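In this text the structure is predicted, and so the values were computed from the model without any measurement. For this chain, numbers begin at 1 and follow the sequence in order.
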Amino acid sequence: ALDGDGDRLIMVDRHGDVVDGDELLCIIARHAHSRGTLGGGVVGTLMTNFGLELAMQELGIPFVRAKVGDRYVMARMREGGFNLGGEQSGHIILSDLSTTGDGLLAALQVLAVLKESDKPMSALARQFDPVPQKLENVRFSGGKPLEDEQVKIVESSDGLLRNLNLNFGQWIFEEISSRGDGAIFAFQGHTAMAFGESVTMNLGVGDFQYQKPSAIATKINSNEELT
């Protein structure tokens, strides 16, 4: 399935399960890596599932994140000398073939992998365990969020959480609106806890959004549900 202008691709396997851009990126990356044609590594975005990043790490493939948007992905690809990048929404950039995202090119690339492997999409798509994610758009009405004093506590270069990397996750804080009224404050990660020899508990943490205290107070006063 392509979007209106044909630059984004989403696929569906024979069981009806949706294969999003992260999974398509993983299929193409693993295949290119095995053939020695992957240039440098893979570029994702702030919205890329952390499970894909872990899968790339396991294969020894460098993975970097760009801001959301094809121009930012392409810029990071050029900066690092990478020939593959994309977004969870299905925007896949194959810079050896095109200078921008092209859904038809991406589809042909994936179909070529299916043909060569002689496996159905249902067998190739689940190549990493997605980390739970919850993505929401939050609009600010009181100025730019990155200028808010409470936001600066975590966002500034010496803030509490800026660029904090844990052994099982990653904090993300970026402005995602060109108008300056939207931002994402997020954490993605997962880990496993073992109890004895037979019981293992997999834990997942999804994305959380920052809201100004005034917005939270308004919701409380009007008995609206907090997210």
Side-chain angles (χ1 to χ4, degrees), residues 1-133 135 170 188-190 202 204:
L2 304 175
D3 67 341
D5 58 358
D7 65 350
R8 298 176 190 270
L9 169 72
I10 295 294
M11 290 186 165
V12 179
D13 67 18
R14 61 183 179 179
H15 301 301
D17 294 325
V18 175
V19 183
D20 65 16
D22 285 347
E23 292 183 297
L24 295 175
L25 200 60
C26 186
I27 291 172
I28 297 173
R30 289 176 66 99
H31 181 257
H33 179 64
S34 68
R35 299 181 64 183
T37 59
L38 184 64
V42 176
V43 177
T45 73
L46 299 174
M47 300 297 187
T48 299
N49 194 281
F50 190 59
L52 174 59
E53 183 173 348
L54 292 177
M56 295 296 97
Q57 289 178 1
E58 291 177 358
L59 292 172
I61 299 175
F63 181 87
V64 297
R65 292 177 183 265
K67 290 184 177 181
V68 176
D70 61 310
R71 62 172 177 165
Y72 299 114
V73 173
M74 191 66 204
R76 288 303 299 270
M77 289 172 65
R78 288 171 176 165
E79 179 184 333
F82 297 174
N83 62 359
L84 178 61
E87 300 181 90
Q88 191 177 78
S89 60
H91 199 137
I92 309 295
I93 301 177
L94 304 158
S95 63
D96 287 344
L97 304 174
S98 175
T99 57
T100 186
D102 189 312
L104 288 176
L105 281 178
L108 290 171
Q109 192 75 12
V110 174
L111 291 175
V113 177
L114 294 176
K115 177 66 175 178
E116 184 175 317
S117 66
D118 197 28
K119 294 180 180 179
M121 175 63 79
S122 57
L124 287 181
R126 313 297 174 236
Q127 298 193 26
F128 68 88
D129 295 322
V131 170
Q133 284 184 307
L135 305 177
Q170 178 186 55
Q188 292 190 91
H190 75 180
N202 291 311

Q) Can you find a pair of side-chain heavy atoms, one from Asp70 and one from Thr100, that are under 4.5 Å apart? A) yes
Q: Kindly give the heavy-atom pair with the smallest separation between Leu52 and Asp22, and that separation in Å.
A: CD2-O, 3.7 Å
Q: Please report the closest heavy-atom contact between Gln127 and Cys26, naming both atoms and the distance.
A: CB-SG, 3.9 Å
Q | Gln88 side chain reached by Asn49 side chain, heavy atoms, under 4.5 Å | A | yes
Q: Verify the distance criterion only: is there a donor paired with an acceptor across the side chains of His31 and Glu116 at less than 3.5 Å?
A: yes
Q: Among Leu111, Asp17, Val12, Val110, find the one that has a side chain to side chain contact (heavy atoms under 4.5 Å, CB included) with Met121.
A: Val110
Q) Partners of Arg35 by side-chain hydrogen bond (donor to acceptor under 3.5 Å, both in side chains), sequence neighbours excluded? A) none
Q.
Any non-hydrogen side-chain atom of Met56 less than 4.5 Å from a side-chain atom of His33?
A. no
Q) Should Leu24 and Asp20 count as side-chain neighbours, where that means a heavy-atom distance under 4.5 Å? A) no
Q) Which pair of heavy atoms, one from Leu38 and one from Gly41, lies closest together, and at what distance? A) CD1-O, 3.8 Å
Q | Check: Arg65 and Arg76 side chains under 4.5 Å, non-hydrogen atoms | A | no
Q. Taking the side chain as C-beta and beyond, is there a heavy-atom pair between Ile10 and Val18 under 4.5 Å?
A. yes
Q: Using the side-chain contact (heavy atoms from CB on, under 4.5 Å) rule, take Asp3 and Asp5 through it: C-alpha gap first, then chi angles, then the decisive distance, then the call.
A: CA-CA 6 Å; Asp3 67 341; Asp5 58 358; 2.9 Å; yes
Q. Side chains of Val43 and Phe63: closer than 4.5 Å at any heavy-atom pair?
A. no
Q) Is there side-chain contact between Lys67 and Thr45, with at least one heavy-atom pair below 4.5 Å? A) no
Q | Pair Asp102 + Arg8: basic N to acidic O under 4.0 Å | A | no
